[in-house]
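All values below come from the heavy atoms of this structure, side chains included, with hydrogens, waters and symmetry mates left out. Quantities reported herein were computed from a predicted structural model and do not represent experimental measurements.
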Amino acid sequence: MSEAVRAQLDAINWRLYETAYGSAEAVPDQLFDLLTGSSEVQLAAAHQLWCALCHQHAYLSSAAAAALPFLLRAIQGPEAAVREAVLNILSGFAYHSVPPRTGEQPSWVTEIRRVLLQCQSEFEIIAQQETGESQEWASQILEDLNTTSRYRSLF
């Protein structure tokens, strides 16, 4: 599995994407660790990805679009703490992909929302069957996916 994951990650030109810190060139290694590492390594990678891709839920980076399929794969893993951490990241994606009341958003943000909407049933299952933070994050994702517009301006 790890060879296939590495090949999939290497097939993406990460230099075309940015994170909250600039270049997304570290993201494939973080995703690899998230999908193949020990629990401790996975949690460290999830934190790095949370900071880089949806920085404190205040910012959504373009690398989020390329990372999304790998993050969705990670929520299928057996480790509850890792699932919680990844759902936290995906919650930031859902929040920041809500269409603005006025204006347009980049096409990669629209694509993130489309993919998350396709996975809505998976989030519903987590919200219904899990407990704790996984349930809370999945419920928050569903709430944001069911929001049709968000007022983004202070004025």
Side-chain angles (χ1 to χ4, degrees), residues 1 5 8-9 12 14 17-21 24 26-37 39-154:
M1 175 182 144
V5 170
Q8 291 169 346
L9 289 165
I12 297 168
W14 292 95
Y17 301 99
E18 292 188 5
T19 70
Y21 304 111
V27 172
D29 290 335
Q30 294 163 347
L31 289 167
F32 184 79
D33 288 348
L34 178 70
L35 292 169
T36 65
S39 296
E40 185 176 299
V41 168
Q42 288 178 308
L43 287 172
H47 179 73
Q48 293 167 338
L49 290 162
W50 177 79
C51 292
L53 300 177
C54 66
H55 190 72
Q56 299 178 5
H57 287 209
Y59 174 86
L60 187 60
S61 71
S62 64
L68 181 57
F70 301 98
L71 294 171
L72 291 169
R73 191 181 309 173
I75 63 172
Q76 304 301 319
E79 293 290 329
V82 173
R83 188 170 34 262
E84 290 168 3
V86 174
L87 287 166
N88 181 347
I89 296 168
L90 295 175
S91 176
F93 288 17
Y95 176 82
H96 285 288
S97 69
V98 173
R101 190 173 283 179
T102 59
E104 294 187 24
Q105 56 191 9
S107 60
W108 57 267
V109 176
T110 303
E111 178 63 13
I112 286 172
R113 184 163 189 81
R114 185 189 67 75
V115 171
L116 290 174
L117 284 166
Q118 287 179 334
C119 298
Q120 192 166 352
S121 62
E122 293 177 49
F123 300 125
E124 289 170 350
I125 291 168
I126 294 169
Q128 293 169 359
Q129 295 180 358
E130 303 241 353
T131 59
E133 287 187 40
S134 288
Q135 179 185 47
E136 291 171 22
W137 287 122
S139 296
Q140 185 61 54
I141 291 167
L142 291 168
E143 182 179 323
D144 286 330
L145 290 178
N146 288 306
T147 299
T148 56
S149 71
R150 184 177 311 281
Y151 185 68
R152 296 213 183 248
S153 173
L154 297 175

Could you grab the distance from atom CD1 of Ile112 to atom CG of Leu117, nearest 0.5 Å is fine? 12.0 Å
Distance-minimising heavy-atom pair for Pro99 and Arg113: CD-NE, 3.7 Å
Decide yes or no for Leu68 and Leu90: does some side-chain heavy atom of the first lie under 4.5 Å from some side-chain heavy atom of the second? yes
Evaluate the criterion side chain to side chain donor-acceptor pair (under 3.5 Å) for residue pair Gln140 and Ser91; output intermediate values, then yes/no. CA-CA 6 Å; Gln140 185 61 54; Ser91 176; 5.4 Å; no
So, Trp14 side chain and Leu9 main chain: donor-acceptor pair closer than 3.5 Å or not? yes
Could you list the residues that satisfy salt bridge (charged side-chain N to carboxylate O under 4.0 Å, His left out) with Glu18, not counting sequence neighbours? none
Are the side chains of Phe123 and Leu87 in contact, using a 4.5 Å heavy-atom criterion? yes
Heavy-atom side-chain proximity of Gln48 to Val27 below 4.5 angstrom: no
Specify the closest pair of heavy atoms between Ala64 and Leu53, including all atoms of both residues, with the distance to one decimal. N-CD2, 3.8 Å
CH2 on Trp50 to CG on Leu43, rounded to 0.5 Å: 14.0 Å
Minimum heavy-atom distance between Trp108 and Leu60, given as atom pair plus value: CH2-O, 3.4 Å
Enter the distance from Glu84:CD to Gln135:CD here, rounded to the nearest 0.5 Å. 11.0 Å
Closest non-hydrogen contact found for Ile89 with Ala46 is CD1-O, 3.5 Å
Strictly by modelled atom types, are His96 and Asp144 linked by a side-chain donor-acceptor pair under 3.5 Å? no
Considering all heavy atoms, the nearest Gln105-Pro100 contact: OE1-CD, 3.5 Å
When rounded to the nearest 0.5 Å, the distance separating CD of Glu79 from CG of Leu34 is 11.5 Å
Residues 125-134 side chain polar contacts: donor-acceptor under 3.5 Å, at least two apart:
unit_1	atom_1	unit_2	atom_2	d
Glu130	OE1	Arg83	NE	3.4
Glu130	OE2	Arg83	NE	3.1

Applying side chain to side chain contact (heavy atoms under 4.5 Å, CB included), run through Ile141 and Phe93 and close with a yes or a no. CA-CA 8 Å; Ile141 291 167; Phe93 288 17; over 6 Å; no
Close side-chain approach of Val5 and Leu31, heavy atoms under 4.5 Å: no
What class does the angle between the rings of His55 and Tyr21 fall in, given that below 30° is parallel, 30 to 60° is tilted and above 60° is perpendicular? perpendicular
Mark yes when over 12 heavy atoms from residues, nucleotides or ligands other than Glu40 sit less than 6.0 Å from its CD; otherwise mark no. no
Can you establish whether the number of heavy atoms outside Phe32 located under 6.0 Å from its atom CZ is more than 12? yes
Is any side-chain heavy atom of Phe70 less than 4.5 Å from a side-chain heavy atom of Ile12? yes
Answer yes or no: are there more than 12 heavy-atom neighbours, outside Glu104 itself, under 6.0 Å from its atom CD? no
Flag side-chain contact, heavy atom, 4.5 Å: Asn146 against Gln120: yes
Heavy-atom pair with the smallest gap, counting every atom of Leu72 and Cys119: CD1-SG, 3.7 Å
